[in-house]
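Each remark here refers to the structure printed beneath this line.
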Amino acid sequence: MNRKKLEPNSGMLFIWEDSKIRNFWMKNTPTSLDILFFAGDGKFLNVIEKTKPFSLDNIQSSEPSQYVLELMAGSAKIYNIYS
C-alpha cells in the first residue's frame with residue numbers, strides 16, 4: 001500500500017499459514033500491479049494483470065491460496081505467466 005514505485009525484478013510476497021480464498025484491493029495503491037496466487041504446494045493458480053490503482057474492485061484467487069506475489073504491472077506478460 002502507498003508504494004509509488006516498484007522496481008523491475010522485484011515484488012512483494014505474502015505468506016499465510018493456511019490456504020483459503022485470498023482477496024485484495026488497490027484502495028491505497030497508486031501503481032498498477034500484477035497479482036499472482038499460489039497454492040500451499042507452490043502450484044500457480046491464477047494471475048490478475050494490470051490492476052487499477054486506487055480501485056475498490058475485489059481481486060481474488062481462483063482457488064484456496066497460501067502465497068501471493070505482487071509484481072510490477074506487465075510482469076506476467078514479460079515472464080509469460082498466465083492462468
Side-chain angles (χ1 to χ4, degrees):
M1 293 185 340
N2 300 311
R3 185 179 291 259
K4 293 182 178 151
K5 186 176 181 184
L6 189 59
E7 297 295 327
N9 301 315
S10 68
M12 293 168 282
L13 178 63
F14 298 85
I15 302 171
W16 288 273
E17 291 183 11
D18 62 345
S19 291
K20 66 180 185 180
I21 298 295
R22 301 292 172 192
N23 296 282
F24 283 73
W25 65 0
M26 300 293 291
K27 180 180 179 182
N28 298 316
T29 308
T31 187
S32 183
L33 301 171
D34 288 350
I35 301 179
L36 294 81
F37 298 92
F38 298 87
D41 64 1
K43 176 188 167 195
F44 172 71
L45 300 173
N46 68 300
V47 59
I48 306 299
E49 297 181 78
K50 299 181 181 177
T51 59
K52 183 179 176 184
F54 302 113
S55 173
L56 297 179
D57 293 344
N58 185 39
I59 299 166
Q60 188 174 69
S61 59
S62 61
E63 298 177 45
S65 172
Q66 189 170 351
Y67 309 103
V68 175
L69 180 61
E70 293 181 342
L71 301 173
M72 181 175 68
S75 295
K77 184 174 182 179
I78 290 169
Y79 298 117
N80 201 28
I81 303 169
Y82 297 97
S83 31

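All of these numbers come straight from a predicted model, not from anything done at the bench.
Here the shortest heavy-atom pairing between Gln60 and Asn23 reads NE2-OD1, 2.8 Å. Closest heavy-atom contact between Val47 and Tyr82: CG1-CA, 4.3 Å. Listed here is the closest heavy atom pair of Glu49 and Lys77: OE1-N, 4.0 Å. Across all non-hydrogen atoms, the minimal contact from Gly40 to Gln66 is CA-OE1, 3.1 Å.
Atom OG of Ser65 sits about 10.0 Å away from atom CG of Asp18, to the nearest 0.5 Å. We find the CG-NZ distance between Asp34 and Lys50 to be 7.5 Å, quoted to the nearest 0.5 Å. Atom CG of Leu69 sits about 7.5 Å away from atom CD1 of Ile81, to the nearest 0.5 Å. To the nearest 0.5 Å, atom CE of residue Met12 and atom CG of residue Leu71 are 8.5 Å apart. Distance check: Asn46 CG to Glu63 CD gives 8.0 Å after rounding to the nearest 0.5 Å. Separating the OG atom in Ser75 from the CG atom in Leu33 is a distance of 9.0 Å, to the nearest 0.5 Å.
No side-chain heavy atom of Pro53 sits under 4.5 Å from any side-chain heavy atom of Thr29. Side-chain contact between Ile21 and Phe37 is absent, with no heavy atoms from C-beta onward closer than 4.5 Å.
One N or O on the side chain of Ser61 and one on the backbone of Arg22 form a donor-acceptor pair closer than 3.5 Å. The backbone N or O of Thr51 sits less than 3.5 Å from a side-chain atom of Ser32, completing a donor-acceptor pair.
Residues Ile35 and Phe54 do not share a hydrophobic cluster, defined by chaining ILVMFWY side chains whose heavy atoms lie under 4.5 Å apart.
For the side chain to side chain contact (heavy atoms under 4.5 Å, CB included) with Phe14, the qualifying choice from Phe38, Tyr67, Phe24 is Phe24, the only one to do so.
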